[in-house]
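None of these values were measured; they are calculated from a predicted model.
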Amino acid sequence: MSWEDKIRKVVPYVAGEQPSGKVIKLNTNEFPYPPSPMVATRLYDMAQDEIDASDNMLRKYPNMDADKLVRAISQVYDIDYDKIFVGVGSDDVLAMAFLTYFNSDKPILFPDITYSFYDVWAEVFRIPYEQKPLDDNFFIKKEDYIGKDCGGIIIPNPNAPTGVLEDVAFFEDIIKNNPDCIVIIDEAYIDFGGKSALPLIDKYDNVVIVQTFSKSRALAGLRIGMAFSNPKLIKYLKDVKFSINSYTMNYPAIEIGTVSMLDTEYFNKTVNMLIKTREETKAELKELGFKFADSKSNFIFATHEKVPAREIFTKLKERNIYVRHWNKPRIDNHLRISIGTDEEMHTLIEALKEILN
Ligand SMILES: *Cc1c(COP(=O)(O)O)cnc(C)c1O
């Protein structure tokens with residue numbers, strides 16, 4: 001056996017492009033507004049501390065539990081400290097959750113059209129999985145997740161890239177009917193008009209909710225994600241995390257994450273701005289002949305009645321407007337358009353009018 005045969009090989013996750021230069025970037029669901037102004041203030045103060053050498057925090061290991069950040073989340077969400085876990089973006093939180101909670105010979109279940117990282121983690125961790133097809137209108141069929149004797153379940157709400165939101169009762173049914181496996185709800189986009197399933201963590205012992213600072217808190221570059229569950233499941237998650245790397249949350253992330261979390265006023269203001277722009281964009285896209293399931297996220301997953309998605313994608317790119325297109329069955333005639341600022345969306349709509357004429 002050669003060393004080639006002894007290596008763990010995976011097909012990695014492919015993220016949206018990060019072009020440089022002046023482009024309109026509506027392809028990776030980043031928040032279009034800057035993070036809370038408290039973030040820049042805290043960064044400046046931290047730099048001053050290092051310059052003065054009054055407090056060389058970067059010299060030392062950070063707090064393992066990211067204590068300050070977790071206390072801020074606990075305060076703002078009004079959730080007990082020991083029901084909260086933080087990681088390096090929700091991708092890290094989800095990867096740790098797969099490793100911790102999905103450890104049986106039974107397949108885990110998730111939709112066929114969903115966040116394309118799930119099958120990558122399942123492959124890398126050698127977790128068997130089954131992808132359950134969405135219906136033709138991109139809705140999750142609840143019965144696919146009930147009475148299946150599975151190894152676990154993961155579903156985003158709203159789903160990505162479809163943007164379709166389900167209500168809490170939908171998930172409660174799935175959780176209640178699968179008492180012997182862990183159900184993870186990936187709420188990366190829940191702040192854009194959905195209702196979180198967070199109350200369910202006190203009602204059932206088999207549910208984990210995952211959220212992120214990357215979308216609604218405008219901090220994709222900082223990498224902070226969080227999980228909420230009962231103290232027992234959070235403890236298991238921490239045990240696995242600390243067995244791989246005890247200091248995942250770096251000092252700047254803890255400090256900046258804390259001030260961002262505490263600035264609820266700015267958070268509410270900017271999220272509402274985004275929702276307003278999304279609703280206006282929906283109306284304009286409809287007028288141009290686009291069809292889409294109603295979105296409660298910060299993106300719209302649309303198809304045009306006449307012009308192929310691939311063609312629109314290419315022509316937008318020629319105009320330095322980036323949206324997301326996948327060459328995958330069932331969704332290759334759709335575009336995922338992230339919601340930008342009003343000005344960016346205006347430019348997009350004008351470009352679409354030209355392209356579609
Ligand atoms: C963006 C996204 C994430 C991961 O975001 P992080 O930047 O790693 O926090 C997780 N799940 C879904 C469905 C997403 O769209």
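A ring-ring contact (aromatic ring centres under 6.0 Å, His included) with H334 holds for exactly one of F292, W326, F138; it is F138. Only one option out of K328, R330, K141 pairs with D112 in a salt bridge (Lys or Arg N to Asp or Glu O under 4.0 Å); it is R330. Just one residue in the list K195, Q211, K215 forms a side chain to side chain donor-acceptor pair (under 3.5 Å) with E187, and that residue is Q211.
A distance-only check finds a donor-acceptor pair linking the side chain of R278 to the backbone of S297 [under 3.5 Å].
Of the charged side-chain nitrogens involved, at least one lies within less than 4.0 Å of a carboxylate oxygen, so that D173 and K142 count as a salt-bridged pair. Taking a cutoff of 4.0 Å between a charged side-chain nitrogen and a carboxylate oxygen, K282 and E284 do not qualify as a salt bridge. With respect to the salt-bridge test (charged N to carboxylate O, under 4.0 angstrom), the residues R59 and E50 do not qualify.
Side-chain contact, Y118 with D186: a donor N or O sits under 3.5 Å from an acceptor N or O. Defined by atom type and a distance below 3.5 Å, a donor-acceptor pair is present between the side-chain atoms of Y129 and E123.
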- Criterion side chain to side chain contact (heavy atoms under 4.5 Å, CB included) on I312 and L352, from CA distance to verdict: CA-CA 8 Å; I312 302 173; L352 285 173; 3.6 Å; yes
- Would you check, one step at a time, whether the test salt bridge (charged side-chain N to carboxylate O under 4.0 Å, His left out) holds for K235 with D82? CA-CA 8 Å; K235 165 80 165 53; D82 57 0; over 6 Å; no
- Evaluate the criterion salt bridge (charged side-chain N to carboxylate O under 4.0 Å, His left out) for residue pair E130 and K148; output intermediate values, then yes/no. CA-CA 11 Å; E130 271 174 30; K148 297 295 180 212; over 6 Å; no
- Item | Worked verdict on E311 versus K315 for salt bridge (charged side-chain N to carboxylate O under 4.0 Å, His left out) | CA-CA 6 Å; E311 185 182 328; K315 290 186 170 163; 3.1 Å; yes
- Task: With salt bridge (charged side-chain N to carboxylate O under 4.0 Å, His left out) as the test, would you mind laying out the steps for K232 and D205 before giving the verdict?
- Result: CA-CA 9 Å; K232 189 172 178 189; D205 65 359; over 6 Å; no
- Message: side chain to side chain contact (heavy atoms under 4.5 Å, CB included) for S246 and M64? Distances and angles first, verdict last.
- Response: CA-CA 6 Å; S246 321; M64 272 175 79; 3.7 Å; yes
- Tell me, with the steps shown, if T212 and I224 meet side chain to side chain contact (heavy atoms under 4.5 Å, CB included). CA-CA 6 Å; T212 177; I224 300 179; over 6 Å; no
- Task: Would you please test F98 and F117 for ring pair (Phe, Tyr, Trp, His ring centres under 6.0 Å) and show each step?
- Result: CA-CA 11 Å; F98 270 53; F117 226 135; 9.1 Å; no
- Query: Given the rule in the ring pair (Phe, Tyr, Trp, His ring centres under 6.0 Å) test, do Y189 and F299 qualify, once you have shown the distances and angles that lead to the verdict?
  - Reply: CA-CA 9 Å; Y189 303 101; F299 55 84; 4.9 Å; yes
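Taking the ring axis of Y81 as reference, the NZ or CZ atom of R71 does not stay both within 45° of it and closer than 6.0 Å to the ring centre. Figure legend: cation-pi geometry between K241 and F85, with NZ or CZ positioned under 6.0 Å from the six-membered ring centre and within 45° of its axis. At least one test fails for R310 against the ring of F313: distance under 6.0 Å to the centre or angle within 45° of the axis.
Around the CE atom of M38, the shell of radius 6.0 Å holds no more than 12 heavy atoms that belong to other residues, nucleotides or ligands. Around the OH atom of Y236, the shell of radius 6.0 Å holds no more than 12 heavy atoms that belong to other residues, nucleotides or ligands. Summarising the local packing, CG of N103 is surrounded by 12 or fewer heavy atoms from other residues, nucleotides or ligands at distances under 6.0 Å. Annotation for K276: atom NZ does not count as buried by contact number, only 12 or fewer foreign heavy atoms lying within 6.0 Å. By the neighbour-count criterion of 12 heavy atoms within 6.0 Å, atom CD of E343 is sparsely surrounded, having that number or fewer from other residues, nucleotides or ligands. Atom CD of E305 has more than 12 neighbouring heavy atoms from other residues, nucleotides or ligands inside a 6.0 Å radius. With a 6.0 Å radius and a threshold of 12 heavy atoms from other residues, nucleotides or ligands, D135 has its CG atom above the threshold. Counting heavy-atom neighbours within 6.0 Å of D52 CG, excluding the residue itself, gives a total above 12.
Relative orientation of the F228 and Y77 rings is parallel, given thresholds of 30° and 60° on the angle between their planes.
Residues I234 and Y101 share a closest heavy-atom pair of N-OH, 4.2 Å.
You'll find the ring centres of Y115 and Y13 inside the 6.0 Å limit.
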